[in-house]
Amino acid sequence: MKLYSQISAAIVALVMLAGAASAFAGKTYTEDEFINNFSGKPKKLVLEKLGEPARKQQSVKPSNADNMVPGGARQEQNSKPVQVEMWYYKNLVKYDDKHTYKETEVTFVNDKVMNIGYFNNR
């Protein structure tokens with residue numbers, strides 16, 4: 001019987017820890033709080049505060065992009081390549097007291113947050 005009570009106590013402790021972890025992970029932000037906390041910040045800080053996103057997407061330049069712009073918007077030979085990556089989080093930003101946006105897009109340009117978007121239609 002003593003073993004049963006120890007196992008029960010361990011299970012209760014694990015459930016309480018899991019609940020505390022999910023409460024921390026479930027933090028939501030208002031639109032302004034999110035922008036103030038993350039705009040212009042490095043990718044490392046976003047990862048520390050928000051954790052891994054639901055999904056990631058790497059921006060890819062189409063192979064014929066330079067031919068599509070009249071006059072050619074060609075990249076200068078001395079310029080650095082630009083890396084663009086989008087991270088998507090679910091139900092993270094509130095737009096009123098009871099509802100959150102279904103998806104928040106954080107766009108990094110060379111590992112810094114340069115654009116933030118909120119969506120309900122994806």
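All figures in this text were calculated on a predicted structure; none of them were measured in a lab.
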Q. Can you list the residues that meet the ring pair (Phe, Tyr, Trp, His ring centres under 6.0 Å) rule with Tyr88, with sequence neighbours excluded?
A. none
Q: Of all the heavy-atom pairs spanning Asn36 and Lys41, show the shortest one and how long it is.
A: O-NZ, 4.1 Å
Could you list the donor-acceptor pairs under 3.5 angstrom formed between side-chain atoms of residues 113-120 and any protein atom two or more places apart in sequence or on another chain?
from   : atom 1 : to     : atom 2 : distance (Å)
Tyr118 : OH     : Glu31  : O      : 3.1
Asn120 : OD1    : Lys102 : N      : 2.8

Q. Restricting to pairs with a member in residues 44-66, which pass ring pair (Phe, Tyr, Trp, His ring centres under 6.0 Å), not counting sequence neighbours?
A. none
(Q) Could you report the tightest heavy-atom contact between Asn37 and Leu45, atom names first, then the distance? (A) O-CD2, 4.1 Å
Q) Going by the angle between their ring planes, with limits at 30° and 60°, are Phe34 and Phe38 parallel, tilted or perpendicular? A) tilted
(Q) Just to verify, what does Lys112 make a salt bridge (Lys or Arg N to Asp or Glu O under 4.0 Å) with, not counting sequence neighbours? (A) none
(Q) Counting C-beta onward and ignoring hydrogens, is there a side-chain heavy-atom pair between Val82 and Asn110 closer than 4.5 Å? (A) yes
(Q) Working note: Leu50 + Trp87, criterion side-chain contact (heavy atoms from CB on, under 4.5 Å); need CA distance, chi angles, decisive distance, verdict. (A) CA-CA 11 Å; Leu50 301 178; Trp87 287 8; over 6 Å; no
Q) What heavy-atom pair brings Thr30 and Glu33 nearest, and what distance separates the two atoms? A) N-OE1, 2.9 Å
Q) At their closest point, which heavy atom of Ala54 faces which heavy atom of Lys90, and how far apart are they? A) CB-CG, 3.9 Å
**Q.** Partners passing ring pair (Phe, Tyr, Trp, His ring centres under 6.0 Å) against Tyr89 (at least two apart in sequence or in another chain)
**A.** none
(Q) Return the CD to CD distance between Glu85 and Gln57, rounded to the nearest 0.5 Å. (A) 10.0 Å
Q | CG (Asn121) with more than 12 external heavy atoms under 6.0 Å | A | yes
Q) Less than 4.5 Å apart, any side-chain heavy atom of Asn91 and any of Thr28? A) no
Q) For Asp111, which residues count as a side chain to side chain contact (heavy atoms under 4.5 Å, CB included) partner, sequence neighbours excluded? A) Lys43
Q. Can you find a pair of side-chain heavy atoms, one from Val46 and one from Phe108, that are under 4.5 Å apart?
A. yes
